[in-house]
Amino acid sequence: MAPGLVDPAASHENLATLSTVTEAYDDTLKFYLNGTKVVLDSIDPEITLLEYLRGIGLTGTKLGCAEGGCGACTVVVSQYNPTTKNIYHASVNACLAPLVSVDGKHVITIEGIGNAKRPHPTQERIAKESGSQCGFCTPGIVMSLYALLRNNPDPSKHDVEEAFDGNLCRCTGYRPILDAAQSFSVEKTCMMSEANGGTGCCMQNGVDPPGGCCKTEPNGVDEPRQVKRFTPPGFKEYNPDTELIFPPSLTKYDFKPLAFGNKRKKWFRPVTLQQLLEIKHTYPSAKIIAGSTETQIEIKFKGMQYSTSVFVGDIPELREFTFEDDHLEIGGNVVLTDLENISKKAIEHYGPVRGQPFAAVFKQLRYFAGRQIRNVGTPAGNLATASPISDLNPVFVASGSVLVAKSLEEETEIPMSQFFKGYRTTALPPDAIIASIRIPVSREKGEFLRAYKQAKRKDDDIAIVNATLRVSLSNDHIVENTDLIYGGMAPTTVAAKTATAYLCGKNWTDPATLEGAMNALEQDFDLSFGVPGGMATYRKALAFGFFYKFYHEVLSELQVEETEVDSQAIGEIEREISTGKKDHESTQAYQKRVLGQSNPHVAALKQCTGEAQYIDDIPVQKNELYGCLVLSTKARAKILGVDYSPAMRLPGVVEWIDHTDLPSPEANWWGAPVCDEVFFAVDEVFTAGQPIGMVVADSALHATAGARAVKVDYEDLPAIFTIEEAIENESYFEHYRFIQKGDPIDKAMAKADHVFTGVTRMGGQEHFYLETQASLAIPKPEDGEMEIWSSTQNPTETQTYVAQVCDVAANKVVAKVKRLGGGFGGKETRSVQLSGICAVAARKTRRPVRCMLNRDEDIITSGQRHPFLARWKVAVNNDGKLVALEAEVFANAGWTQDLSGSVCDRSLSHIDGCYLIPNVYVQGRLCKTNTVSNTAFRGFGGPQGMFIAESYMEEIADKLEIPVERLREINFYKPHEITHFNQELKDWHVPIMWDQVKEEAEYEKRREEVHEYNRTHRWNKRGLALIPTKFGISFTATFLNQAGALVHIYHDGSVLVAHGGTEMGQGLHTKITMVAAEALGVPLEDVFISETATNTVANTSATAASASSDLNGYATFNACKQLNKRLEPYRQRLGPNATMKELAHAAYFDRVNLSANGYYKTPDIGYTWGPNIGQMFFYFTQGVTAAEVEIDTLTGDWTCLRADIKMDIGRSINPAIDYGQIEGAFVQGQGLFTTEESLWLTSNGQVFTRGPGNYKIPGFRDIPQVFNVSMLKGVTWEHLNTIERSRGVGEYVCLSKFFGAITDQPSPTRPPLFMGSAVFFAIRDALRSARADHGVTEALSLISPATPERIRISCADPILKRAHVVPKEGEKSFFMSI
C-alpha cells in the first residue's frame, strides 16, 4: 500500500489560536440510538458511525464497500431539518458518516425496528416474499424502505420504485424486493375498484352510488383519493403510528459547538456561521466536511490524513433558501435531497420558462448518486471538490450562477464561470467558505437551457460526460449569447469556447448553424486516443450528440416551419414502473406435505432483522488481533527489499507476517488442482495485488496504518496482460484440451456450401458478493489446534491448507462456515488464501486474528470470471444446416492456474450451444498473464462457451440473410441425439420451451412491432432476441461428485442436520431441511442446520457446480432412510400418528442409535478427454428466454423493456427459492453481458474497476421493465434421477419424486445466468437496424459486455464518424481489457 498523505500541519501559533477560539466548545456527543439516549464523553475521532455501531455489537449494519456505493451500511438518522422545518428520517451511509454528524439526532439501525420474533412489516414482507437470499445487503435495503415509509407512509408506486437507488443486491435480481416493497404503495384510484377489494368502480359499472362517486370531494371537485393500502394475506398491517417516535428532547435540543479529539486528529462542530468563519480564519487548511461523501473515501482508500476537520452540517444559516425576483439563493449546505424539493418549488414559483435552470438541477439530481448520498451531500461540497464530472457544476456555470464566498473579513461574489482554475483547484480563498449559490432565472422569452448526462448505469453512477447547454435568441432567432458547458471532457468543467464563439450572431434556424457548431465542437474537444479516462471516441460522440439533441429541442420550442426538426433526437429513454409475474401453479401437480411448497428461506427473517451472523459479526475474541495485507503495487517485478520497521513503530502494531513465518518453503505453495500459487511473495511478484505480507495490530485501523507504512522496493520486469499479448508471446500454461468428433475438420469444411470465420471476445466479471473475503483464525492452547471461521464455499480445502501452513495434521484444524454473504464461485478456492495467511498470523502470535478485506483489496486479490477469446470457423449449407465447427478458445487465466483448466474445459463442452453440429474440432488454451488469478464464477466456463455459440449463430444468420431464430430452429438438437462430446440428450425440452416462449411472449407479433418501430424511428431502436440454453450439471472432476451428511434426532423430536454444503443465499439449507422434514415426517420447523464444519462432515466437496442440492440432498436422504428403518418398529407399535418425540423417546430407551451418517456419489459419470468417451454430465438444465430492449443510438443508453424466461428445472423442491435463483442469475447474467466491464490501467497493470464507483453491477432500475418467469410443466422427466427429479438452478438443485428414486430437479441458477445474454443479443439486434439505416450491412462482431460505449461506437451515423479518434503510432488507450 502507498504511504498515506497528510494534510498540512498547523503551526503551533495557529493551534494555540484555534484552541483559544474553541475553548468554550463542548466535548460531549449526545444522541439517541434506537430510542435510547447515548452520551459519549470519550470519543475516537477517527471512527465512522458504522465502526461505532459495529463496535458496540450492532452488527446488523454491514460494511460492503466503504464508499457509499452499495447501501449495505444504511441506517436512518432522524433529525429536525432546518431547511424544511420538519422532522426528516434520512437514510444514510454509516460507512461514510463521521460520528460527530449524529449529535442531536436519532440513529435507527436494523436492530431498532424489529427482530425475528416481532419483525417490522418491512422486514417481514421482504423475508416472506423471498427478497433476501445471502442476506448481507438486506438490512440496508430494509432501512431504505423504512426511511421511505417514515417520511411518506403513503408512497406511490413510483416512490417505491426509486427508493433503492443507493442499494445494490447481487443475489435476488431485485424483483422480489420490489414486489414486497410495492405492497406498501398506495394508488390514488377509486376506492371501490375491484383492484382495491371493492365491488367495482361506479364509472366502470355505470351506476351512480347513493353517496355519490368516491372521487368527488364535498366541494364537488373530482380529486382522486388515496385508498387504504392493501395488506397481503399473512402479513402484518403497516401502522405508522406504532413507529419509534422522534425523541421529544431532541425537538428542543440545544446544539452546542463541539471540539474533541486526540493528538492525531481533532474534530470541530460549529453551530453558527460566525463560529465556522472564526475557525477557518485561524486555521485556513482545516478540512471542511458536510456529507463526508468524498473525504471518507480519501481517508479509506487513498490514505489521506486530515488532522483537523470541521463538520458544518449543523449550521442552520447555511441550509436556508430564498426566492428572489431574478434568482434563487440556496445555502451552501442545503442537502441535495432538499435541493431536489427546492428545485420543484422553484419551477412552480417562477414557472416552467423562467424555471429552466431549476428543471436542469432537478434532472441532474434525479440520477445523482443514491438517496443516502443525496441525504447528506451538499452543493458546496460538490463545488469545493471541483470534480470534472460533477453533474451540478455545468448547470451552475451555464446558468450564470454566482457563488457567495464568506470569510471572517469579507464577502466575495465569484461567478461560476471563473470558479474552476484547474484539476481539483478553485478560486475559493483559503480562509473562505461557500456560503450560498445564486442561481439566476431564465428570461421570459428566447432563452433555453437543458442538461444532459450519460453514465455506465442509469442510477447511482458518475457521469462519463455531462453537459448543460444554454442559448439566448433574439426575436428573429439570432444567437445573442450561449453557454455550452461540459463535464468529463477536460480536467475541469469546461466551456466549448470555439463553438460558443461560432454560434454568437448565427441564425439558430439555419441548418448551416448546426453543421458549423459541430465543426467547432470538433476543435474544442480534440481528444487524443490515450486521453486520461479513456473512451475518446465515445466522449466526443456524447459531446456532439448532446448538442445535436439540444439544437433540435430548441428548434422544436421555436416552432418554425422553414427548418426541419429532428424530433426523434429529443428526449431520452424513460423507464416505466417495473412489473413481473411468475407461474405459481407450476408445482401444484406434484406438491407434497413439505416438498414443492414455496417456503421462505429458513434464515430470511434473521437476515432481514440483522440477526444473521456473518464472519465479521462474530463477537471479538479475547486478545484478538486484526490483519491487513500488504499487496504488490507492481504487475511483475523483483522484490529488492521489504522494510516493515516503520510499521512496527506505529501505535497498536503487534507483528509482521511473511513467508519466513511458514514452517517450510514448501508450505508456502497452494492451489487446486495445480499447486502453483504462493501465500506470500518471496523474491518476485507476478501480479498487482499479490500478497507480500500482513501487518497485525490491535485494531483494524492500526493494522491499515501499519500496512501503509511498509516500504517495498521493486525492480520492474516485462509483463503480459491481455489474451492477445499472451498469444503473441506464446505465454500459456501447459493445460490443453480438445474435443474432436466426426470427419477430419478440413474434409468436413470442404463439403459445405459456405464457410464463415469470426472472432468472439468476452470480458470477465467481478463476483461482487456483498460480503468480501473474511476469515477469523482462533488458535487453541493444545496440540497446535486451529479453528478457522471463513466465508468460504470450500471448508475442506480451507482445512487442508491451514493444516499445511500450521504444520499439523488435518484433524487438528476445524474449518467452520455459518453462512456466506454471497459466493458465486469466488469463494471456492480464493478464500483459502486469506484463511491461510490469518492462520499463519494466529500461529505466530498465539492470538486470534481476524481479517475482512476491503472491497478494493478483494477485487485485486480474488480473481474474477475468465475473459475469453475464440477464433472460430463454421461450415454451413444453403439450407441453414450446420456442418462443422472449428474453434480455438483462449481463456485469460491470470498468473496462476487456479481452476482455469476446468473452466476452459467446460467452455469447450458448451460451445455447441443447443445445436447439432456433426463435425467438431475445438481446442482450449490457458493464457498466462500478469493479472489477478481468475477463478470459478457461476457457470464456470459454460456462459463463455454458449456465448461463442450464439455469437457465431448470429453472424452466420446475418451472412446468410435469414432470421437467426430460423437458423436456431433448423439446427436444434432433437431428443436422444448425441452431443459433440458423445453424450445422449435425454429429457430434451428446449424445442418445447422455445415454442411456448414464442407463444406466451407473443414473439412474432412483437417482432413485427419492433420492425415497424425501427422503420419509423431514426435514433431510438428496439431489438428482440430469443436465446436457448443447455447447461451440464456435475463436477467435471469425477471424484468431487460425492457428499456426506450427519442427521441427529433428539429426545424432544427435533432434528439436527449437518452436511457438506455451505449456505450462501442459494437456499441450500432450506432445501436440505425440506428433504429431511419430508423424509422423516416431521414439521419443517423441527429441522435445523447449525453450520457447516469439517469436524461434523469430513472430506466435503466445494459447494459449486450446481450440484450441491443433488449431492447433499441425497446424502441427507440416505441418512434419513437409515433412521426411518430404525424407527419403523416404533411406528408400527405406536401407530401412524405418533410424533417424532414419542418415537425418539421409545427408541432411545431401547438403545437405538438416533444418529445416521449418510453418503452419496453421483452415478454413471466419468468422461475421458482425448478419446472423447464416457458420460461428462449427470443431466442438463435447459431454458429459453426472450428479451426486448430499446437503445438510444445518440448516447448508447438502453433499457430492457421485457424479458420472458422459461426454465426446465424438473420438479421444484421450493419454487419460491427457485424463482429467486432464476431472477437473480438472469440479472447477474445481464450485468455480465452489458454493464459490468473490468478495466486495467495501461500505465501500470493495476485493476481500475475496484469498487461500485467504477464497476457497475445492475441496480434496481436496470432490471427488465416487465420481468416474467415460469417453469416448464406438463412434461415427464423419464431419465432424471436427481433428488426429487429436480434440476440444478444455481449452486444447488431441487427435488421432487420423493419415495422411490427421490426427486428430480435440475439446478436453476447457472443456466439462467446465460439467459441474461438475451439482453445482449437484443441490443445487437437493435444495432443491426441502426447500422442498416446508414448503409452498413456487414455482420457486427459485438464484444461483450455491450456497454453504452460499445453500443454507441457500433453505430454508423455521421455524428459518430466525425467523433472517431484514431490512435497515433505507438499510442495506447488509457485503459485496457484483459
**Student:** Keeping Thr1234 on the side-chain end and Ala1346 on the backbone end, is there a donor-acceptor pair under 3.5 Å?
**Tutor:** no
**Student:** Using a distance-only test with no angle check, is there a side-chain donor-acceptor pair under 3.5 angstrom linking Gln690 and Ser632?
**Tutor:**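 Not at all, the side chains of Gln690 and Ser632 share no donor-acceptor pair under 3.5 Å.
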**Student:** Pairing donors with acceptors under 3.5 angstrom, does anything connect the side chains of Arg737 and Gln923?
**Tutor:** no
**Student:** Return yes if some donor-acceptor pair links the side-chain N/O of Gln1230 with the main-chain N/O of Val1227 below 3.5 Å, else return no.
**Tutor:** no
**Student:** If you take all heavy atoms of Val1365 and Thr537, which pair is closest and at what distance?
**Tutor:**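 Of all heavy-atom pairs spanning Val1365 and Thr537, the closest is N-OG1, 3.0 Å.
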**Student:** Working to the nearest 0.5 Å, report the span between CD of Gln944 and OG of Ser1344.
**Tutor:**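 Atom-to-atom, Gln944:CD and Ser1344:OG are 9.5 Å apart.
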**Student:** Kindly compute the distance separating CZ (Phe1321) from CG (Leu1327), expressed to the nearest 0.5 Å.
**Tutor:**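 Atom-to-atom, Phe1321:CZ and Leu1327:CG are 12.5 Å apart.
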**Student:** Would you say Lys741 has more than 12 foreign heavy atoms packed within less than 6.0 Å of its NZ?
**Tutor:** yes
**Student:** Does a salt bridge link Arg457 with Asp1197, judged by any charged N lying under 4.0 Å from a carboxylate O?
**Tutor:** no
**Student:** State the CG-CD distance between Leu542 and Gln454, to the nearest 0.5 angstrom.
**Tutor:** 6.0 Å
**Student:** Check for me whether the distance between the ring centres of Tyr769 and His767 falls short of 6.0 Å.
**Tutor:**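 Between Tyr769 and His767, the centre distance is under 6.0 Å.
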**Student:** Looking at Arg1362 and Asp1357, is there a salt bridge between them, counting it only when a charged N and a carboxylate O are closer than 4.0 Å?
**Tutor:** no
**Student:** Working to the nearest 0.5 angstrom, can you tell me the gap between Asp958 CG and Leu1340 CG?
**Tutor:**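 Separation between the atoms: 8.0 Å.
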**Student:** Hey, does Ser1354 have a side-chain heavy atom less than 4.5 Å from the side chain of Leu1342?
**Tutor:**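 A side-chain contact under 4.5 Å exists here.
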**Student:** Mark yes or no for whether Asn919, through its side chain, and Ala748, through its backbone, hold a donor-acceptor pair below 3.5 Å.
**Tutor:** no
**Student:** Rounded to the nearest 0.5 Å, how far does CD1 of Ile1191 lie from OG1 of Thr1193?
**Tutor:** 6.0 Å
**Student:** Can you give me the closest heavy-atom contact between Gly1196 and Ile1351, atom names plus distance?
**Tutor:** O-CD1, 3.6 Å
**Student:** Parallel, tilted or perpendicular, judged at 30° and 60°: which one describes the rings of Phe972 and Tyr915?
**Tutor:** parallel
**Student:** Is the shortest side-chain heavy-atom distance between Cys1200 and Trp1198 below 4.5 Å?
**Tutor:**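 Yes, close enough: below the 4.5 Å cut-off.
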**Student:** For the side chain of Asn729 and the backbone of Ile720, is there at least one donor-acceptor N/O pair under 3.5 Å apart?
**Tutor:** no
**Student:** Could you tell me whether a side-chain N or O of Ser1373 sits under 3.5 Å from a main-chain N or O of Met1376, the two making a donor and an acceptor?
**Tutor:**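 Such a contact is absent between Ser1373 side chain and Met1376 backbone.
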**Student:** Between Arg871 and Glu886, does any NZ, NE, NH1 or NH2 come within less than 4.0 Å of an OD or OE carboxylate oxygen?
**Tutor:** no
**Student:** Would Glu969 and Trp994 count as a side-chain hydrogen bond (donor to acceptor under 3.5 Å, both in side chains) here? Give the steps.
**Tutor:** CA-CA 9 Å; Glu969 291 168 350; Trp994 178 272; 2.7 Å; yes
**Student:** Ignoring hydrogens and angles, state whether a donor on the side chain of Asp898 or Thr935 is under 3.5 Å from an acceptor on the partner side chain.
**Tutor:** yes
**Student:** Restricting to salt bridge (charged side-chain N to carboxylate O under 4.0 Å, His left out), what partner residues turn up for Glu724, sequence neighbours left out?
**Tutor:** Arg761
**Student:** Check the pair Thr1029, Ile1027 against side-chain contact (heavy atoms from CB on, under 4.5 Å), reporting the backbone distance first and the verdict last.
**Tutor:** CA-CA 7 Å; Thr1029 184; Ile1027 300 295; 5.8 Å; no
**Student:** I'd like to know whether Val932 forms a side-chain contact (heavy atoms from CB on, under 4.5 Å) with Trp1240, so could you lay out the CA-CA distance, the side-chain angles of the two residues, the decisive distance to 0.1 Å, and finally the verdict.
**Tutor:** CA-CA 11 Å; Val932 62; Trp1240 274 253; 4.3 Å; yes
**Student:** Are Arg170 and Glu1236 ion-paired here, with the side-chain N under 4.0 Å from a carboxylate O?
**Tutor:**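 Yes, Arg170 and Glu1236 are salt-bridged.
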**Student:** Taking the six-membered ring for Trp, are Phe1180 and His910 closer than 6.0 Å centroid to centroid?
**Tutor:**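 No.
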**Student:** Side-chain donor-acceptor pair under 3.5 Å between Glu1190 and Asn1020, yes or no?
**Tutor:** yes
**Student:** Can the ring centroids of Phe1374 and Phe529 be said to lie less than 6.0 angstrom from one another?
**Tutor:**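 Between Phe1374 and Phe529, the centre distance exceeds or equals 6.0 Å.
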**Student:** Verify the distance criterion only: is there a donor paired with an acceptor across the side chains of Asn892 and Thr929 at less than 3.5 Å?
**Tutor:**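 Yes - a donor-acceptor pair under 3.5 Å links their side chains.
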**Student:** So, Glu965 and Arg1007, do they make that salt bridge, N to O below 4.0 Å?
**Tutor:**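 Looking at Arg1007 together with Glu965, the answer is yes, because their closest N to O distance falls below 4.0 Å.
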**Student:** Is the side chain of Ser907 donor-acceptor paired with the backbone N or O of Gly942 at a distance under 3.5 Å, no angle test?
**Tutor:** no
**Student:** Okay, side chain of Asn971, backbone of Leu882: is any donor-acceptor separation there less than 3.5 Å?
**Tutor:** yes
**Student:** Any side-chain to backbone donor/acceptor pair from Arg1250 onto Val1247? Under 3.5 Å, distance only.
**Tutor:** yes
**Student:** Do Phe1248 and Tyr1255 have their ring centres less than 6.0 Å from each other?
**Tutor:**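 Not close enough - the centres of the two rings lie 6.0 Å or further apart.
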**Student:** Taking side chain as C-beta onward, heavy atoms only, is Lys1256 less than 4.5 Å from Glu1237?
**Tutor:**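 When only atoms from C-beta onward are counted, Glu1237 and Lys1256 do not touch, as no gap falls below 4.5 Å.
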**Student:** Hey, would you say the Phe937 and Phe940 ring centroids sit under 6.0 Å apart?
**Tutor:** no
**Student:** Does NZ or CZ of Arg539 lie under 6.0 Å from the centre of the six-membered ring of Phe544, at an angle within 45° of the ring axis?
**Tutor:**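 The answer is no; the distance or angle limit is not met.
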**Student:** Is a side-chain donor or acceptor of Arg865 paired with a backbone partner of Arg938 at a separation under 3.5 angstrom?
**Tutor:** yes
**Student:** Is the terminal nitrogen or CZ of Arg1352 (NZ for Lys, CZ for Arg) located under 6.0 angstrom from the six-membered ring centre of Tyr538 and within 45° of that ring's axis?
**Tutor:** no
**Student:** Look at Lys1021 together with Asp1333 and state whether they make a salt bridge at an N to O cut-off of under 4.0 Å.
**Tutor:**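 Between Asp1333 and Lys1021 there is a salt bridge, with a charged N closer than 4.0 Å to a carboxylate O.
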**Student:** So which atom in Ala1356 and which in Val1336 form the shortest heavy-atom distance, rounded to 0.1 Å?
**Tutor:**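 Heavy atoms of Ala1356 and Val1336 come nearest at CB-CG2, 3.5 Å.
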**Student:** Are Thr760 and Leu869 side-chain neighbours, meaning at least one heavy-atom pair lies under 4.5 Å?
**Tutor:** no
**Student:** Would Phe868 and Phe890 count as a side-chain contact (heavy atoms from CB on, under 4.5 Å) if you check the C-alpha gap in whole Å, the side-chain angles of each, and the deciding distance to 0.1 Å?
**Tutor:** CA-CA 6 Å; Phe868 265 63; Phe890 302 91; over 6 Å; no
**Student:** Can you tell if the side chain of Phe686 reaches within under 4.5 Å of the side chain of Lys634, non-hydrogen atoms only?
**Tutor:**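 No. Closest side-chain heavy atoms not under 4.5 Å.
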**Student:** What verdict does the side-chain hydrogen bond (donor to acceptor under 3.5 Å, both in side chains) test give for Ser900 and His866, after you've listed the backbone C-alpha separation in whole Å, the side-chain angles of each residue and the deciding distance to 0.1 Å?
**Tutor:** CA-CA 8 Å; Ser900 300; His866 293 71; 2.7 Å; yes
**Student:** Aromatic contact between Phe947 and Phe1320, with the criterion being ring centroids under 6.0 Å apart: yes or no?
**Tutor:** yes
**Student:** With a 4.5 Å cut-off on side-chain heavy atoms, are Lys1030 and Asp912 touching?
**Tutor:**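 SC-SC contact between Asp912 and Lys1030 confirmed.
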**Student:** Keeping the roles fixed (side chain from Asp461, backbone from Lys458), state whether a donor-acceptor pair exists under 3.5 Å.
**Tutor:**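 Pair absent, no side-chain N/O of Asp461 close to backbone of Lys458.
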**Student:** Relative to the ring of Phe1314, is the ring of Phe1233 parallel (under 30°), tilted (30 to 60°) or perpendicular (over 60°)?
**Tutor:** perpendicular
**Student:** Could you tell me if the side chain of Ile1263 sits less than 4.5 Å from the side chain of Pro1258, heavy atoms only?
**Tutor:** no
**Student:** Rounded at 0.5 Å granularity, tell me how far CZ in Phe721 sits from CG in Leu1241.
**Tutor:**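 Going from the CZ atom of Phe721 to the CG atom of Leu1241 covers 10.0 Å.
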**Student:** Are any of the side-chain nitrogens in Arg925 or Glu888 under 4.0 Å away from the carboxylate oxygens of its partner?
**Tutor:** no
**Student:** Going by distance alone, is a donor N or O of one side chain under 3.5 Å from an acceptor N or O of the other, for His980 and Asn1172?
**Tutor:**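 His980 vs Asn1172: no donor-acceptor pair found between side chains.
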**Student:** Find out whether Pro1345 and Gln765 are in side-chain contact, i.e. whether some heavy atom of one side chain is under 4.5 Å from a heavy atom of the other.
**Tutor:** no
**Student:** Can Ser1238 and Gln864 be counted as having a side-chain donor-acceptor contact under 3.5 angstrom?
**Tutor:**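 Short answer, yes.
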